[in-house]
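Notes follow once the structure below has been shown.
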Amino acid sequence: MGRLEGSHILHGHKGRVWNVAWHPEGHLLASCGEDKTIRIWGRDGQKWVCKTCLSDGHSRTIRAVSWSACGKFLASASFDGTTSVWTYTKGDYDCIMSLEGHENEVKSSAWSHSGQYFATCGRDKTVWVWEVAEDNEYECAAVLFNHAQDVKKVAWQPDGTEWVQCANLTSHTSTVWSIAFNGSGDRMASSSDDLTVKIWQEYPPGNAQGIETPDNIPAWKCVCTLSGYHSRTVYDISWCPLSGRIATACGDDKIRVFQESPESDHDAPTFELEGTADGHTQDVNAVAWNPKEVGLLASASDDGTVRLWCAK
Amino acid sequence: MLSSLIKKSRSFIGLGDKNAAVDGFVEVCSAEQAEVATESFMDPEAERLKMEEFKEIVYESIRTIKDPEKPSTLEDLNVVYEEGVHVSSMENSEVLLVKVEFNPTVPHCSLATLIGLCIRAKLLKSMVDPFKLDIKIKEGAHNTEHEINKQINDKERIAAAMENPNLRSMVEQCVQEPD
């Protein structure tokens, strides 16, 4: 039986903290919020301290932050309609690029694992895919109009080398707030305003289960629904590539950790609630597992704090 | 054996199985947490009175909200009404859940969303204790009520809308306390 213990509370942001993201090496944590700042946190002995505060990047709420897989770049997506790309040189972060194009609030951004592509999405219902050239020039490769409403989140499959619309996954009965791939990229978890978490599985062409794959594009099926656990909107979800644990951020102020049951069936998996963490005094907006340290989890909340937790 | 069966069936079936969820939760969390959970439950009568009181405070707060278009309050126009306020407790939490139903005078989308914003803003301004809030249009009052309900409860959309200075000042005018 697992436990989720709070280890650090990081103060600094004023007002709601919307998002947290770990540097791929795991030693730095970026956070952002309605105070229009990005904060970079790092270890200082036993404590975590704010190493940098970037306050001139955006004119409105910064909704999300994400790091490139190589760790050299940090992106910030803002309600001001722009996405900024930052890089660390000579002891400071510089904004090297400000991507425009979205008609209104940008809500999420992510680099592909190869670093070749960068995606942004927002309330204008579009997903923009940018190609990153050698000299760090970003060129818009495509604007995707597949969504009928506000797009909350983008995420790349871990080993995806090409992007192609392969599926329209319908199952949730209300807004889907977040998605997360597992370490190997053959499963994805989604969290929703309908109070559930769904687990999706990829079935490649020629799969043994006989799932059809028209046009030789992999099919995705919902193989598990976790309901009855969350009493409010599930704002974020994170799938640890090291331990396989799934963490959720919920509007009931709690963080929950799920783990696949030992006797789970591959095509009809079951997940157990391993632990619940109380601590935040308001909605939890984001959770993120550290990519290098097993069990280390970060969270962001409306209560203005970023918290670190240890899952045992 | 039984608890793992409960947990397994819950992940397949889920929603209806509230009791199993409560049992499962107490089973999974540590002994100390279970103790704290039982200690914080008030006796049912005190709990009911607390919620009644909360409901009154909520209605007192929203009834004086000014209508965005007409020189009247939402109560005067029957946009909000006492029966539209519901207060309930949430599982494993001390925080109360407030549900407010409202009936917009005209089926105009932007007005309905504006009223939704005003109700939320007024409550955030006047309530002291923490609470969770769901605002809904009265069923049948609007042909796109599902969409409007989603929007007026979408925290991200609300936050972005309130960053618009014109919208914010309109809301502030509506929720200003009467002199």
Side-chain angles (χ1 to χ4, degrees), chain A residues 1-5 15-16 18 34 36 59-61 63 79-80 104-105 107 122-123 149-150 152 174-175 177 193-197 199 224-229 231-233 235 251-254 256 258 261-264 268-278 281-283 285 302-303, chain B residues 3-34 36-37 40 88-97 124 129-134 146-147 149-151 153-165:
Chain A
M1 191 191 310
R3 289 186 58 122
L4 194 59
E5 281 173 9
R16 163 186 281 160
W18 273 113
E34 70 175 345
K36 309 175 200 158
S59 55
R60 286 181 62 182
T61 286
R63 176 61 181 90
F79 282 359
D80 68 10
N104 40 52
E105 299 93 64
K107 301 195 170 176
R123 178 164 67 89
Q149 292 183 46
D150 185 8
K152 303 291 198 191
S174 187
T175 304
W177 280 89
D193 180 58
D194 68 8
L195 314 183
T196 71
V197 162
I199 310 291
C224 177
T225 297
L226 302 176
S227 39
Y229 296 93
S231 51
R232 300 292 290 167
T233 304
Y235 288 112
D252 63 6
D253 313 347
K254 300 181 208 281
R256 292 172 177 81
F258 298 86
S261 320
E263 65 275 11
S264 183
T270 52
F271 286 79
E272 292 171 351
L273 178 65
E274 200 182 67
T276 302
D278 288 308
T281 55
Q282 288 184 55
D283 292 8
N285 297 318
D302 278 357
D303 66 15
Chain B
S3 69
S4 82
L5 183 65
I6 288 172
K7 281 179 223 169
K8 207 176 191 161
S9 52
R10 188 179 51 210
S11 32
F12 278 122
I13 307 159
L15 266 176
D17 234 357
K18 227 175 181 306
N19 288 331
V22 174
D23 292 337
F25 177 81
V26 172
E27 187 86 65
V28 164
C29 65
S30 72
E32 302 108 67
Q33 279 180 292
V36 170
S40 67
S88 54
S89 58
M90 296 202 308
E91 213 173 294
N92 301 303
S93 175
E94 303 245 321
V95 175
L96 294 176
L97 173 60
L124 281 173
D129 294 325
F131 62 99
K132 301 293 179 188
L133 176 63
D134 285 337
H146 178 69
E147 279 316 306
N149 285 336
K150 245 179 35 175
Q151 211 171 313
N153 291 296
D154 182 320
K155 186 167 76 168
E156 199 177 48
R157 298 290 284 265
I158 293 164
M162 292 300 273
E163 282 188 352
N164 176 321

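Letters A, B, ... are given to chains in the order of the sequence lines, protein chains preceding strands, and every chain is numbered from 1. What's counted below: heavy atoms across the whole structure, side chains too, no hydrogens, waters or symmetry copies.
Taken to the nearest 0.5 Å, the CD atom of B:Glu156 stands 4.5 Å off from the CZ atom of A:Arg63. Here OG1 of A:Thr175 is found 10.0 Å from CG of B:Asn153. Values are rounded to the nearest 0.5 Å. Considering CG of A:Asp252 and CE of B:Met90, their distance stands at 6.0 Å, rounded to 0.5 Å. In this structure, CZ in A:Phe79 is found 13.0 Å from CE in B:Met162, a value given to the nearest 0.5 Å.
Salt-bridge check for A:Arg123 with B:Asp154: failed, with every basic side-chain N at 4.0 Å or more from each acidic carboxylate O. Checked for salt-bridge contact, A:Asp193 and B:Lys150 miss the test: no charged N lies under 4.0 Å from a carboxylate O.
For a residue to count as touching a neighbouring chain, one of its non-hydrogen atoms must lie under 4.5 Å from one of that chain's; by this rule A:Ser261 does not touch chain B. Contacts between A:Asp283 and chain B at a heavy-atom distance below 4.5 Å involve backbone atoms as well as side-chain atoms. For chain B, the nearby part of A:Gln149 is the side chain; its heavy atoms alone come within less than 4.5 Å.
With hydrogens and angles ignored, the 3.5 Å screen pairs a side-chain donor or acceptor of A:Lys254 with a backbone N or O of B:Asn92.
The side-chain heavy atoms of A:Asp253 and B:Lys132, taken from C-beta on, include a pair separated by under 4.5 Å. Between A:Arg232 and B:Asp134 there is a side-chain heavy-atom pair separated by less than 4.5 Å.
Residues passing the side-chain contact (heavy atoms from CB on, under 4.5 Å) test with B:Leu96, sequence neighbours excluded: B:Lys50, B:Met51, B:Phe54, B:Val87, B:Ser89.
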